Amino acid sequence: MKAMIFAAGLGTRLRPITDKMPKALVPVGGIPMLERIIRKLRDAGFEELVVNVHHFAGQMESFLEGRSGISISKEDKEPLETGGGIKNAAGLLGKGRFLVHNVDILSDIDLEWFVSRDCVESLATLLLIDTPAERCLLFDDDMRLAGWMNNRTGEVKSPYPGFDPSGYRKFSFCGIHIISDKVFGLMEDWPSKFSIIDFYLACADKYPIYGVVAENHRLIDIGSPEKLAEAERLIAGQSL
């Protein structure tokens with residue numbers, strides 16, 4: 001199975017650090033985020049990796065130059081968001097299921113365990129955490145995706161008419177998922193730039209998308225200087 005690392009983001013919340021380098025190369029515990037994710041994927045048995053790049057693409061290409069088994073999916077004009085990034089990398093990802101991992105997600109989650117829990121007949125299997133968040137995904141009792149909700153505003157999205165979120169289970173998506181190559185055909189009519197969550201929600205009533213909950217985990221989304229400092233503390237204390 002191939003894996004893709006989302007590393008094309010602008011990292012605006014990490015400014016001013018990202019005024020001079022891509023977020024993916026920001027060091028955490030002395031090691032760039034991208035290097036940490038590459039090592040995690042390699043340790044889990046992923047030999048062929050695809051990395052999308054945009055912000056300071058030259059720095060990213062220099063960092064990855066000469067590494068075997070790594071292909072670069074370049075997003076020249078602008079970042080294509082999560083769905084567009086996958087669509088743009090279709091030629092590199094090829095046939096079969098593939099794993100996608102956000103570059104700014106550091107965790108102790110066992111990726112081999114997650115792969116073993118993948119529903120191979122699904123359009124996608126999403127790794128979830130049972131942690132309160134402003135935005136969450138909604139699943140039925142079979143852990144099939146049914147909708148999305150903003151807990152602060154009450155906004156709800158679902159492909160099902162008259163959808164009532166009260167009867168569904170809420171989980172946070174942690175930016176790690178396994179996806180079928182069937183998505184490439186379904187994405188043909190989508191624009192070049194779009195969210196993978198919007199895509200999933202548009203497909204969920206026609207194609208099964210399941211969630212797997214990670215328990216007893218440590219996970220941090222390094223999206224701000226405060227989170228970066230927290231990650232540094234966790235790594236220094238060998239808690240991550």
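Since the structure is predicted, the reported quantities are computational estimates derived from the model, not experimental observations.
- For the pair H177 and I196, the minimum side-chain heavy-atom distance is below 4.5 Å.
- Under the 4.0 Å criterion applied to side-chain N and carboxylate O atoms, E230 and R233 are not assigned as salt-bridge partners.
- The residues E47 and K2 are annotated as not salt-bridged, no charged nitrogen and carboxylate oxygen being separated by less than 4.0 angstrom.
- Between R144 and D140 there is no salt bridge, since no side-chain nitrogen of the basic residue lies less than 4.0 Å from a carboxylate oxygen of the acidic one.
- Below 30°, between 30° and 60°, or above 60°: for W190 and F194 the angle between ring planes is between 30° and 60°, a tilted geometry.
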- Residue pair K23, M33: steps toward the side chain to side chain contact (heavy atoms under 4.5 Å, CB included) verdict: CA-CA 8 Å; K23 176 172 66 174; M33 290 187 222; 3.9 Å; yes

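- Ion pairing between a basic and an acidic side chain is recognised when a charged N comes within 4.0 Å of a carboxylate O; R97 and D118 show such pairing.
- Of all the heavy atoms in K74 and N88, the pair that sits closest is O-ND2, 3.3 Å.
- Considering every non-hydrogen atom in both H55 and L10, the closest pair reads CD2-O, 3.5 Å.
- Under a cut-off of 6.0 angstrom, the local environment of CD in E134 is crowded, with over 12 non-hydrogen atoms contributed by other residues, nucleotides or ligands.
- Inspection of the K157 and N150 side chains reveals no N or O donor paired with an N or O acceptor under 3.5 Å.
- Under the 4.5 Å side-chain criterion, counting only non-hydrogen atoms from C-beta, Y210 is not in contact with L145.
- In terms of heavy atoms, V213 sits closest to W113 at O-CH2, 3.5 Å.
- Side-chain N/O atoms of R135 and T153 include no donor and acceptor closer than 3.5 Å.
- By the 6.0 Å contact criterion, NZ on K20 is open, its count of non-hydrogen atoms from other residues, nucleotides or ligands being 12 or less.
- Linking Ile, Leu, Val, Met, Phe, Trp and Tyr whenever their side-chain heavy atoms come within less than 4.5 Å leaves V183 and I178 in two separate clusters.
- When hydrophobic clusters are built by joining Ile, Leu, Val, Met, Phe, Trp and Tyr residues whose side-chain heavy atoms come closer than 4.5 Å, directly or via intermediates, L201 is not grouped with F163.
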- Stepwise side chain to side chain contact (heavy atoms under 4.5 Å, CB included) test for M143 and R169: CA-CA 8 Å; M143 290 304 292; R169 303 173 66 185; 3.6 Å; yes

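- The hydrophobic cluster containing I176 also contains V51, counting ILVMFWY residues as joined when their side-chain heavy atoms lie under 4.5 angstrom apart, directly or transitively.
- Put simply, the side chain of I222 does not reach to within 4.5 Å of the side chain of V26, judged on heavy atoms.
- Ring orientation note: the planes of F171 and F139 are nearly perpendicular, at an angle over 60° on the 30°/60° scale.
- Salt bridge status for R67 with E35: present, with a side-chain N to carboxylate O gap under 4.0 Å.
- Around the CZ atom of R42, the shell of radius 6.0 Å holds more than 12 heavy atoms that belong to other residues, nucleotides or ligands.
- At most 12 non-hydrogen atoms from other residues, nucleotides or ligands lie less than 6.0 angstrom from CG of D141.
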